[in-house]
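Notes follow the structure.
The first residue in the sequence is number 1, and the count goes up from there.
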Amino acid sequence: VTGDWTGEAPLIDELKEIKKVAEDTPVIVGSGADKSNINELFQFSDAAIISTSLKEGESKSPEEERNLKGYDAKIDSARVREFMGVVNDD
């Protein structure tokens with residue numbers, strides 16, 4: 001389940017409805033998960049694909065592309081530790 005474009009999280013109300021309809025089928029968040037929303041997203045999903053929020057550097061401007069980073073951008077280990085600290089706190 002994704003938002004309207006790459007890097008945008010799905011709306012919680014939509015995710016909640018999808019989880020309800022999916023019953024035993026796993027629901028995976030496919031974009032927009034980051035340290036500020038992951039715990040809320042996990043209330044109505046089973047997994048998340050996380051990439052952009054963990055990469056080094058800043059996201060491109062909305063005029064270029066929405067919240068994208070280059071494919072070759074490296075994962076920032078400090079961002080991973082910070083992200084996992086948020087997930088593990090819940």
Notebook entry, point to check: How long is the gap from OG1 on T2 to CD1 on I28, to the nearest 0.5 Å?
Noted result: 12.5 Å

Margin query: I'd like to check the salt bridge (Lys or Arg N to Asp or Glu O under 4.0 Å) partners of D4; sequence neighbours left out, ordered by chain and number.
Written below: none

Check: Does the N37 side chain pair with the main chain of G32, one donor and one acceptor, at a distance under 3.5 Å?
Finding: yes

Next item on the list: Could you name each residue pair satisfying side-chain hydrogen bond (donor to acceptor under 3.5 Å, both in side chains) that touches residues 23-34, not counting sequence neighbours?
Entry: D34-S36

Note to self: K16: which residues meet the side chain to side chain donor-acceptor pair (under 3.5 Å) condition with it, sequence neighbours left out?
What the structure shows: none

Check: For L11, what are the other residues in its hydrophobic cluster, where any two members join if their side-chain heavy atoms are less than 4.5 angstrom apart?
Finding: none

Notebook entry, point to check: In the hydrophobic cluster built from side-chain contacts under 4.5 Å, what are the other members alongside I18?
Noted result: V1, I12, L15, V27, V29, L41, F44

Next item on the list: Answer yes or no: is there a side-chain heavy-atom contact under 4.5 Å between E17 and K20?
Entry: yes

Check: Is there a side-chain contact between D46 and K19, using heavy atoms and a 4.5 Å cut-off?
Finding: yes

Check: Would F42 and M84 show up in the same hydrophobic cluster when neighbours are defined by side-chain heavy atoms closer than 4.5 Å?
Finding: yes

Margin query: Checking E40 now: which residues fulfil side chain to side chain donor-acceptor pair (under 3.5 Å) with it, not counting sequence neighbours?
Written below: none

Margin query: Within this structure, what is the CZ-CD1 distance for the pair R79 and I50, rounded to the nearest 0.5 Å?
Written below: 14.0 Å

